[in-house]
Each structure stands twice: as C-alpha cells, then as structure tokens.
Amino acid sequence: MIERLPGLIDPHVHLREPGATHKEDWDSGTKAGLAGGFTILLAMPNTDPPITSKKSFDMALAAAENKSRLDYAQFFGASRDNSRSLGKIATRAAGLKMYLDQTYGPLCLDDMTVWREHFLHWPGYLPITVHAERRTLAAVLLMSILYDKHVHICHVARREEILLIKIAKEKGVKVTCEVSPHHLFLTEKDISPESPGRGEVRPRLGNSKDRDALWENLEVVDCFATDHAPHTLEEKDSKDPPPGFPGLETALFLFLTAVAQGKLTLDDVVLRMYTNPKKIYKLPNQYNTWLEVDPQPTWEIQGANTFTRCGWTPFEGWKVHGRLKKVTLRGKVAYDDGKVIAKPGSGVNIRKKGIILDKNLKNW
Ligand code: NCD
Ligand code: ZN
Ligand code: ZN
Ligand code: ZN
C-alpha cells in the first residue's frame, strides 16, 4: 500500500557551502534531501566563512539559488559583534542560530553579555535557535524567560536535558526542541573501538538511560531534525576527527521502521517532521507537494549508495523499512524511484521577497 505524506521539513542541516564543498554542497546536499523525503531544508551558518555578515549570507544564498534542488532557507549566525545587524536580516533568514557550546566551526559564544545583546535585538516573531547542552541549556532557558523570547533547542541528547525542557514547558517557558535520529537510535556502545572518530558527534552519543528518556518523553519533542553534518571518512578516521554524522537519507526510514515496530505512529512522525517545524519557523505552504511512500519493504542502509558527498553513514548495514517511491514538489516530479529529477536551481528560497512571512502566526 502506498501512503501519501507531506513533503518533509528538516530544520537542521549543514550543507558546507561556502567553504567545504568537498564534504557537501547545495547540489549534493539537496539531492540527499530529496532522496530522504525532504522538500524544505533549513541550512546552518557554521560554514567557512561563517554566515555572520550580510556579505557571507548573500554568498550562501547565491550558491543555493544556483544549485538547490528543493526549497530552503539559510540561518544567520550570532557572532560577538553582529547583534545590531539582526533587525535587517531577520525577515530573510530561517532564524538566528547561536552556538553556546563548543562544536564544529568557529561560532561559539561564551560571554553571556553577548547572548543578551542578541536576545535584545532579535525580533520576536522567529525563534532563537541554540546549541546548548547541559548547564548551558539551563542558562539559555533563563535568558528566554528574562527577555520573553522563544528559544528552540537543537539536538537534545541527554536525560537531564529533556527533563529540564519538560519542566520548563510545564511552567510556560517559550521553548521548543528537536531530537536527532542518532540520539534516538544509537548510544556510546555503538562507537567502534577500531574507528572511534566515526562516533564523534556533538552532543556526544549518550548511554541507554539518555536514549530511553528521549523515547519516554517524546511528547516533549517538537521536531525530529537530522543535524545532517557530513565529513569525509578520511577526516573522520584522522587524528583530529571533526564531529558530525550525515542523516538526510536515513532519517525517514529509521522512523518508518520504528512505526513498523509499534514504537511510533505515522502521525507522530508527520507531526515532528512537517507540522511542528513548519509552525515553529513560520514556513509557507508548498502547494502540490507530497511524498509517495511504501512503508513495508525492507532494505539495507549502505553508505556507498547515497547522494551525500561524504559517502558513509553511522547506520551502515541496518535493515530498515520503507521505500520512497516519488517526491512531487510544487507540481513537478522531483524524485522518482531512486533518481533525482529536480534540476539544480529549481529550489526556492522560502524567505525571498514576495513570500509572505506571517509575523502574527503563533509559533510555539
Ligand atoms: C555539526 C557540524 O559538523 O557542523 N557537528 C555535530 O557534531 N553536530 C555542528 C553542530 O551541529 O553542532
Ligand atoms: Zn549543534
Ligand atoms: Zn548541527
Ligand atoms: Zn522490521
């Protein structure tokens, strides 16, 4: 039986352009997106140069306009000294991204007086999206309360984090969050001692208590986000392995497998991969856009058979359920039985002028 699903939205991907197109670019990354059932990707700003000025922001958007095969928006990154430029850029960005703990790339803000400047200047109609682990999460929740601004917490990975967000939500704090497939399906036990670099990711893989707490508190989880973070195998197996896993081409099938196993319903998946990310980031409707999915057949995940330029996956050899038959994007077939049909540059920047950003939509 073929199921029709809405085009999925991934609110957290790294497409590596500008700067590291040997890992990924707007072409290969959006091919991988279509193959994973996504029709909107929101791109992170930790590129090289990072997207923290109008100049680099325009550079990323120019690459996207030429190459993207699906619809997209680009995050703007918070830096030590760009808080005053936020007002102008806000309507053109997916949202503001603040890196508050050390991860891949140069964007990490330690000084809370700098956080304050961004909380003050970022207009309230879009969330402030943060990488904030453990006690940093507690600090940013306090900022959210003090400045009455919505924060969206990226890739929640630990029991202590999901429980804190649960209490914050119960107290009415304006907080939403996302969880990535690798934190739901893997633990530190899955890291191979022969190639530990392949297990490096931020936040790190947790223990089984962390993983179980995410499943037990799924009602607190607003979105599933892949945090697609491609690095080459050569880099992952080097002395100084960069953190990050590719995820665009495996997420839907891992979740369809959880559905087949009775751990989730298809509605749970659609809520977190379409309805909620659309609401949180005030994304426009994509008319005549849908997926045709056969949820039953099983297949084996193989890094060698992927569109992402990094060519590997932390789920190598996993048997998963579900085949993506077809993606129709704005009335045109964009992906058909393993083949990407959409052309580079056919994707639309959903924040470009003329596409309405409804500032009054309630977004949490
Ligand atoms: C991400 C990357 O490689 O850009 N890496 C990661 O381990 N998640 C950065 C990030 O999302 O923190
Ligand atoms: Zn992060
Ligand atoms: Zn990320
Ligand atoms: Zn099965």
Side-chain angles (χ1 to χ4, degrees), residues 9-26 28-29 32-33 38 41-52 56 60 72-78 94-110 127-134 136-137 140 151-158 161 176-186 188 190-191 196-206 223-236 238 240-248 250-251 277 281 308-310 312-314:
I9 298 165
D10 192 343
H12 188 151
V13 302
H14 301 270
L15 297 180
R16 307 302 190 203
E17 186 170 12
T21 52
H22 66 286
K23 299 176 197 268
E24 201 78 287
D25 72 359
W26 277 93
S28 60
F38 295 98
L41 300 182
L42 304 186
M44 286 296 160
N46 62 335
T47 49
D48 182 15
I51 311 304
T52 51
S56 57
Y72 60 90
Q74 171 67 54
F75 278 94
F76 193 69
L96 176 68
K97 177 66 184 285
M98 296 180 72
Y99 290 89
L100 306 180
D101 290 301
Q102 196 52 59
T103 181
Y104 181 70
L107 298 176
C108 183
L109 301 173
D110 278 329
I128 296 175
T129 297
V130 296
H131 180 130
E133 303 182 35
R134 308 190 72 179
T136 313
L137 169 62
V140 83
V151 293
H152 177 78
I153 312 297
C154 290
H155 43 44
V156 176
R158 295 178 181 87
E161 293 162 352
T176 54
C177 72
E178 66 189 37
V179 170
S180 300
H182 45 272
H183 293 120
L184 285 167
F185 293 102
L186 300 174
E188 58 198 1
D190 294 300
I191 301 174
R198 298 189 194 190
E200 283 291 344
V201 66
R202 298 293 175 276
R204 291 175 201 281
L205 294 177
C223 308
F224 294 143
T226 68
D227 189 14
H228 178 78
H231 301 286
T232 66
L233 271 184
E234 198 187 339
E235 292 163 339
K236 295 296 279 181
S238 72
D240 191 16
F245 296 159
L248 280 171
T250 45
Y281 289 104
T308 173
R309 196 158 289 156
C310 77
W312 72 282
T313 159

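Residues: numbered from 1 along the sequence shown. Atoms within each ligand, like the ligands themselves, are counted from 1 in listed order.
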Element-labelled atoms of ligand 1 that are located less than 4.0 Å from some non-hydrogen atom of [X]:
X: Ala229; answer: 1 (C), 2 (C), 3 (O), 5 (N)
X: His131; answer: 12 (O)
X: His231; answer: 3 (O)
X: Val201; answer: 7 (O)

Test side chain to side chain donor-acceptor pair (under 3.5 Å) on His155 and Arg202 and set out the steps. CA-CA 9 Å; His155 43 44; Arg202 298 293 175 276; over 6 Å; no
Counting non-hydrogen protein atoms only, what is the nearest one to [atom]? Give residue, atom name and distance.
atom: atom 5 (N) of ligand 1; value: Pro243 O, 3.1 Å
atom: atom 2 (C) of ligand 1; value: Arg16 NH2, 3.4 Å
atom: atom 10 (C) of ligand 1; value: Thr103 OG1, 3.4 Å
atom: atom 7 (O) of ligand 1; value: Arg202 N, 2.8 Å

Before you tell me yes or no, could you show the steps for Arg134 and Glu161 under side chain to side chain contact (heavy atoms under 4.5 Å, CB included), namely the whole-Å CA-CA distance, both residues' side-chain angles and the distance that decides it to 0.1 Å? CA-CA 6 Å; Arg134 308 190 72 179; Glu161 293 162 352; 3.7 Å; yes
With respect to Gly244, determine whether any N or O atom, backbone or side chain, lies less than 3.5 Å from an N or O atom of ligand 1.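 For ligand 1, there is an N or O atom that lies under 3.5 Å from one belonging to Gly244.
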Do ligand 1 and Tyr104 have nitrogen or oxygen atoms that lie under 3.5 Å from each other?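 No, since none of the N or O atoms of Tyr104 sits under 3.5 Å from an N or O of ligand 1.
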Would you sort out whether Val201 and Leu205 count as a side chain to side chain contact (heavy atoms under 4.5 Å, CB included), showing the intermediate values? CA-CA 7 Å; Val201 66; Leu205 294 177; 4.1 Å; yes
Heteroatoms of the protein, restricted to N/O/S, which lie under 2.8 Å from the Zn ion (ligand 3):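 For the Zn ion (ligand 3), the protein N, O and S atoms that sit under 2.8 Å away are His12 NE2, His14 NE2, Asp227 OD1.
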Specify whether His131 and Tyr99 have parallel, tilted or perpendicular ring planes, treating 30° as the upper limit for parallel and 60° as the lower limit for perpendicular.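 Rings of His131 and Tyr99: tilted, 30 to 60°.
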Short side-chain donor-acceptor distance under 3.5 Å, His22 and Glu234: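 Looking only at side-chain atoms, His22 and Glu234 do not form any donor-acceptor pair under 3.5 Å.
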Judged by modelled atom types alone, do Glu24 and Ser28 share a side-chain donor-acceptor pair under 3.5 Å?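 A donor-acceptor contact under 3.5 Å links the two side chains.
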Would you confirm whether the ring centroid of Tyr104 sits within less than 6.0 angstrom of the ring centroid of His231?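 Yes, close enough.
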Contact partition for [X] relative to ligand 1, non-hydrogen atoms under 4.0 Å:
X: Met44; value: neither
X: Glu200; value: neither
X: His14; value: side chain

Is there side-chain contact between [X] and [Y], with at least one heavy-atom pair below 4.5 Å?
X: Tyr72; Y: Val13; answer: no
X: Pro181; Y: Phe224; answer: no
X: Thr308; Y: Leu248; answer: no

With a cutoff of 4.0 Å, is [X] in contact with ligand 1, counting heavy atoms of the residue only?
X: His155; answer: yes
X: His12; answer: yes
X: Lys97; answer: no

Distance-minimising heavy-atom pair for His183 and Arg204: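 Looking at all heavy atoms of both residues, the shortest contact is NE2-O, 3.7 Å.
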Looking at Arg158 and Glu133, does any basic side-chain N land under 4.0 Å from a carboxylate oxygen?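 Between Glu133 and Arg158 there is a salt bridge, with a charged N closer than 4.0 Å to a carboxylate O.
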I'd like to know if the side chain of Lys236 and the backbone of Pro242 have a donor-acceptor N/O pair within less than 3.5 Å.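 Indeed, once roles are kept as given, a pair shorter than 3.5 Å links the two residues.
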Checking side chain to side chain contact (heavy atoms under 4.5 Å, CB included) for the pair Cys310/Glu235: CA distance, chi angles, key distance, verdict? CA-CA 10 Å; Cys310 77; Glu235 292 163 339; over 6 Å; no
